[in-house]
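Accompanying notes for the structure given below.
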Amino acid sequence: MPDKKQEQGLAVVTGASTGIGYELAKACARNGFELIVVANEPRIRSAAEEIKALGAKVEPIEADLSTIDGVDKLVGAIGDRPVAALLANAGRGLGKGFLDQDFADILRVLDTNITGTLYLIQTIGRKMRDRGAGHILITGSIAGFIPGAYQAVYNASKAFLDSFSFALRAELKESGVTVTCLMPGATETEFFERADLMDTKIGQSKKDDPADVARIGFEAMMNGEGDVVSGWHNKLRAAIANVVPSGMLAEQHRKQAEPGSAS
């Protein structure tokens, strides 16, 4: 009887040192994939060891995927191996008012969430299309439905990814390659601390379990679903965002993300 891991093949998970990406990598490991896990910090090595304990072969890569060189480093590590699943999860947030942000930090958000992600998807996606097989999971966000006052660049970057995911899926229809957009809401990860949002209402609010979010996203990817919003409350927020005027949504977000709003 063939080994399940050989049947599933290689999965590449970015942003896999913590949070949703770490849990996505664990889901892949439990379901018979070999793994390349990537993050821009040394912690990816300890994360890889933890994932190996689930019985999977795991290769950690430390690379900055906000840069073309970083993506090329990852692609070089993959080599000629066919990628059965690409889970493009690496992302970066940024709080505070747009005019008060350092522009270098803004560029890093855009380069991580958009430029590096698109370059990686195009590079691996072309090979998937040539083979006529593969799964692509893109971590978007319900934030992409909401003008994000005090998270303006981040929310806009997620709006880009959400839209891009649907477009790419349509382009790859009947190619054998599936594209799934996972759109979580606020999730209990290091995102809010790293984005300097801990003094806000949203930073202090109760959040979703990243393991639950990852499980929902992984299952949707494997089933070839086009999009999935994790959690009933996030589904409600997404539905509301489709009918509430953008100006009102921005004002609601301001109250949640304005610095000092948690006090």
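On a predicted model such as this, the values are computed, not experimentally measured, just so you know. Positions are given from 1 along the sequence.
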Worksheet item: If you take all heavy atoms of A84 and Q8, which pair is closest and at what distance?
Response: CB-O, 3.1 Å
Discussion item. Just to verify, what does K158 make a salt bridge (Lys or Arg N to Asp or Glu O under 4.0 Å) with, not counting sequence neighbours?
Written reply: none
Fill in: pair L172-R129: side-chain heavy atoms closer than 4.5 Å
yes
Output a table of donor-acceptor pairs, distance under 3.5 Å, between side-chain atoms of residues 215-227 and any protein atom two or more places apart or on a different chain; print 'none' if there are none.
residue	atom	partner	partner atom	Å
N223	ND2	E219	O	3.1

Item to complete: Using the test side chain to side chain contact (heavy atoms under 4.5 Å, CB included), find all partners of L107 that sit at least two apart in sequence or belong to another chain.
Response: F103, D111
Practice prompt. Could you check if a side-chain atom of I51 sits within less than 4.5 angstrom of a side-chain atom of L35, using non-hydrogen atoms only?
Written response: yes
Scan the side chains in residues 68-76 for donor-acceptor partners under 3.5 Å anywhere in the protein, sequence neighbours excluded, and list what turns up.
residue	atom	partner	partner atom	Å
D72	OD1	Y119	OH	2.5
K73	NZ	E62	O	2.6

Discussion item. Applying side-chain hydrogen bond (donor to acceptor under 3.5 Å, both in side chains), can you list everything that pairs with D64, at least two apart in sequence or on another chain?
Written reply: S66, R108
Worksheet item: Closest approach of R169 and V179, non-hydrogen atoms and distance?
Response: NH1-O, 3.0 Å
Worksheet item: If you round to the nearest 0.5 Å, how far is CD1 of I121 from OG1 of T117?
Response: 6.0 Å
Discussion item. I need the L10 CG to C28 SG distance, nearest 0.5 Å.
Written reply: 9.5 Å
Worksheet item: Should I61 and E59 count as side-chain neighbours, where that means a heavy-atom distance under 4.5 Å?
Response: yes
Worksheet item: Going by the side chain to side chain donor-acceptor pair (under 3.5 Å) test, which pairs reach into residues 133-146, not counting sequence neighbours?
Response: N89-T139, H135-T178
Worksheet item: Can you check whether V12 reaches L87 side chain to side chain, under 4.5 Å on heavy atoms?
Response: no
Item to complete: Give the minimum heavy-atom separation between G148 and N155, together with the two atoms involved.
Response: CA-ND2, 3.3 Å
Fill in: Results of side-chain hydrogen bond (donor to acceptor under 3.5 Å, both in side chains) for S165 - residues two or more places apart only
none
Worksheet item: Considering residues at least two apart in sequence or located in another chain, which fulfil the side-chain hydrogen bond (donor to acceptor under 3.5 Å, both in side chains) criterion with E49?
Response: K52
Worksheet item: Rounded to the nearest 0.5 Å, how far does CG of L94 lie from OH of Y154?
Response: 11.5 Å
Discussion item. I'd like to check F160 versus L118 (side-chain heavy atoms, cut-off strictly below 4.5 Å). Are they in contact?
Written reply: yes
Item to complete: Considering non-hydrogen atoms only, spot the tightest contact between G144 and D162 and give its length.
Response: CA-OD2, 3.6 Å
Worksheet item: salt bridge (Lys or Arg N to Asp or Glu O under 4.0 Å) with R126: which residues, sequence neighbours excluded?
Response: none
Worksheet item: What distance do I20 atom CD1 and D212 atom CG have between them, rounded to the nearest 0.5 Å?
Response: 11.0 Å
Fill in: Residues forming a side chain to side chain contact (heavy atoms under 4.5 Å, CB included) with A48, sequence neighbours excluded
V37, V58, P60
Discussion item. To the closest 0.5 Å, what do you measure between CG (L86) and CD1 (I138)?
Written reply: 8.0 Å
Discussion item. Run the side chain to side chain contact (heavy atoms under 4.5 Å, CB included) test on K127 and V83 for me, step by step, so that the C-alpha distance in whole Å, both residues' side-chain angles and the decisive distance to 0.1 Å come before the verdict.
Written reply: CA-CA 8 Å; K127 295 178 180 179; V83 176; over 6 Å; no
Discussion item. If you compare all heavy atoms of N113 against all heavy atoms of S157, which two are closest, and at what distance to 0.1 Å?
Written reply: ND2-OG, 3.0 Å
Discussion item. I need the Q101 CD to I106 CD1 distance, nearest 0.5 Å.
Written reply: 4.5 Å
Worksheet entry | salt bridge (Lys or Arg N to Asp or Glu O under 4.0 Å) involving E171 - partner list, sequence neighbours excluded | none
Worksheet item: Do the side chain of R43 and the main chain of S17 share a donor and acceptor less than 3.5 angstrom apart?
Response: no
Discussion item. Contact between L161 and C181 at the side-chain level, heavy atoms closer than 4.5 Å - yes or no?
Written reply: no
Worksheet item: How far apart are the C-alpha atoms of K57 and F33, what are their side-chain angles, what is the distance that settles it, and do they pass the side chain to side chain contact (heavy atoms under 4.5 Å, CB included) test?
Response: CA-CA 8 Å; K57 180 179 178 182; F33 283 94; over 6 Å; no
Item to complete: Using the side chain to side chain contact (heavy atoms under 4.5 Å, CB included) rule, take V38 and V13 through it: C-alpha gap first, then chi angles, then the decisive distance, then the call.
Response: CA-CA 6 Å; V38 193; V13 186; over 6 Å; no
Worksheet entry | Close side-chain approach of V213 to L182, heavy-atom, < 4.5 Å | yes
Discussion item. Applying side chain to side chain contact (heavy atoms under 4.5 Å, CB included) to M183 and V228, what does each step give before you reach the verdict?
Written reply: CA-CA 6 Å; M183 293 179 281; V228 58; over 6 Å; no
Worksheet, complete the sentence: T14 meets the side-chain hydrogen bond (donor to acceptor under 3.5 Å, both in side chains) criterion, sequence neighbours left out, with none
Practice prompt. Check whether any side-chain N or O of E34 sits under 3.5 Å from a backbone N or O of A56 as a donor-acceptor pair, and report yes or no.
Written response: no
